Asker: 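Before anything else, here's the structure in question.
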Amino acid sequence: MYNCFKITSRSGKARTGILKTKTGEYETPFFMPVATKGAVKYIDMDEISELGSYSFISNAFLLHLKPGLEVIKKHKGLHNFVNWKKCIFTDSGGFQVLSLNNFKDKFSDNGLKFKSPFDGSTHELTPKKVMEIEQTIGSDVAMCLDQMPLYGSTYEQVKEATNRTHLFAEQCIKYHKDKSQLLFGICQGGTFQDLRVQSAKFISSLDFDGVALGGLAVGEPLEDMKKMIDTSIKNLPENKPKYLMGVGSPKEIIEAVEQGIDIFDSVWPTRNARHGKIFTIKGYVDIGQTKFKEDLSPLDKNCNCKVCKNHSKAYLHHLFKTNEPLGNKLLTYHNLFFMQNLMQKIRKAIKDNKFQELKDEYSAYKF
Ligand SMILES: [Zn+2]
C-alpha cells in the first residue's frame, strides 16, 4: 500500500485533499453518483465527466452476477467495459442484499448466503470471494465486505454486526493482493456511541488505505448522525481519507464536510430527479405541480447547467407528466449538476478558509 492521500487545506475541521488512485489524482471532498450496475441512470459516461464527477460507485456483487466476471475479465476490467478512464469505487454488495426485500439473506461469521434476485440460485459471499470479485473488476477503490445493521436494531444485534464487520475486515486485508487497488475498511456501530468508538479503533488498527463510515443516514435524526460521525472521526487517523457511505442530501453533505468527511455517494440526486423532485438553491421544486404548466422560467435561474439554460419549467413539467424518458434525463442532469456545483463551492470555500460562511449561506435555504 502506498500513501494515497494528502490534505491540502483546512477550514476548521473541513479539509481539501488529493486522493491518488491508479487512474489519477482526485481532489476531495467529492461526491460520487451511483452506477450500481455500471451505469448512472439516464446519464452516459461523457455526461458524468461533463458534470464534473471524477468518480462513481458500482456494486461488485451485482456485476459479478450480471454480466458476470468473465465478460468483465475479457474487457480487462470495469473501466474498459463501461468506457470510463477516471476513478471507480466498488462496494462489496452486503448493503444491496439487505436493501432488496426479495433477497433471502443470512449472515454468518463466514460471510453472507443469499439467493440471486435474477434466477433464485444460491450464492455465498465470503470476504475472500468479495476481494476476488473486486480485484477482477479492477476498481480504483475496493470496499470491504461488512454487515450493516438495520436502523432500529437492538444493541446486541448491532454489536454482533459490528464484530462480524471486524472479522470480515481482517479477512479482506488478508485476501487483497492487488496493491494498485486501494482498499477501504468500513466502520459500523449503528447509533451506539461505544460501538462506534470500538469500531473506529479496530478499523484504524488495520492497514487500510482509507476508512468508510457505514450504516448512517439510514433513518436516524441528523443530530444522531452528526454525533456518530464526530465519535468515529475522533478515533480515526487524521491523515486517511474518510468516506461517508450513502450520504446524501446537500444539508447532510455540508454538515459532514464540516466534521472532516472527504468522500460521499448517494442516489439522492438521481432518484429524486426521477420523482420530479428538483433541487434549487431555494429548496425543492416539485416539477409535477400544475402551477408549472405554463411557467416559462428555468428550473433554477441561478443554475448554469444546459437544462436551465435551454428549457422552461413548462417543458420539463410536460415531459415529466407524459413520462418521456427525456424528462428523466434532463431532470437527472440538473440535479447532478447541482450536486457537483455544490461540491466545487465547498472545495473553494475550504481553500479560502471560508467554510463557515458557505454553511451559513446554505443554512438560509430550505434543505
Ligand atoms: Zn440546472
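Every heavy atom of this structure was used, including side-chain atoms; hydrogens, water molecules and symmetry mates were not. Just so it is clear, the model here is predicted, and its values are computed rather than measured. Ligands are counted one by one from 1 in listed order, and the atoms in each one are counted from 1 as well.
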Asker: Applying ring pair (Phe, Tyr, Trp, His ring centres under 6.0 Å), name anything that partners Y243, two or more places apart in sequence or on another chain.
Answerer: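 Y243: ring pair (Phe, Tyr, Trp, His ring centres under 6.0 Å) contacts with F89.
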Asker: Sequence neighbours left out, what passes salt bridge (charged side-chain N to carboxylate O under 4.0 Å, His left out) with R164? Give chain and number order.
Answerer: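 Result, salt bridge (charged side-chain N to carboxylate O under 4.0 Å, His left out) vs R164: D109, E160.
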Asker: Indicate yes or no: does R15 engage D262 in a salt bridge with an N to O separation below 4.0 Å.
Answerer: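 A salt bridge links R15 with D262.
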Asker: Do the ring planes of H75 and F81 sit parallel (below 30°), tilted (30 to 60°) or perpendicular (above 60°)?
Answerer: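 Geometry flag for F81 against H75: perpendicular rings.
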Asker: What closest approach, in Å, do L236 and S204 show between heavy atoms, and which atom pair accounts for it?
Answerer: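 Here L236 and S204 meet closest at CD2-OG, 3.4 Å.
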Asker: If we only look closer than 2.8 Å, how many protein N, O or S atoms does the Zn ion (ligand 1) have near it?
Answerer: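 Near the Zn ion (ligand 1), the number of protein N, O or S atoms below 2.8 Å is 4.
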Asker: In the hydrophobic clustering (ILVMFWY, side-chain contacts below 4.5 Å, transitive), which residues join V197, or is it alone?
Answerer: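 Cluster partners of V197: none, it stands alone.
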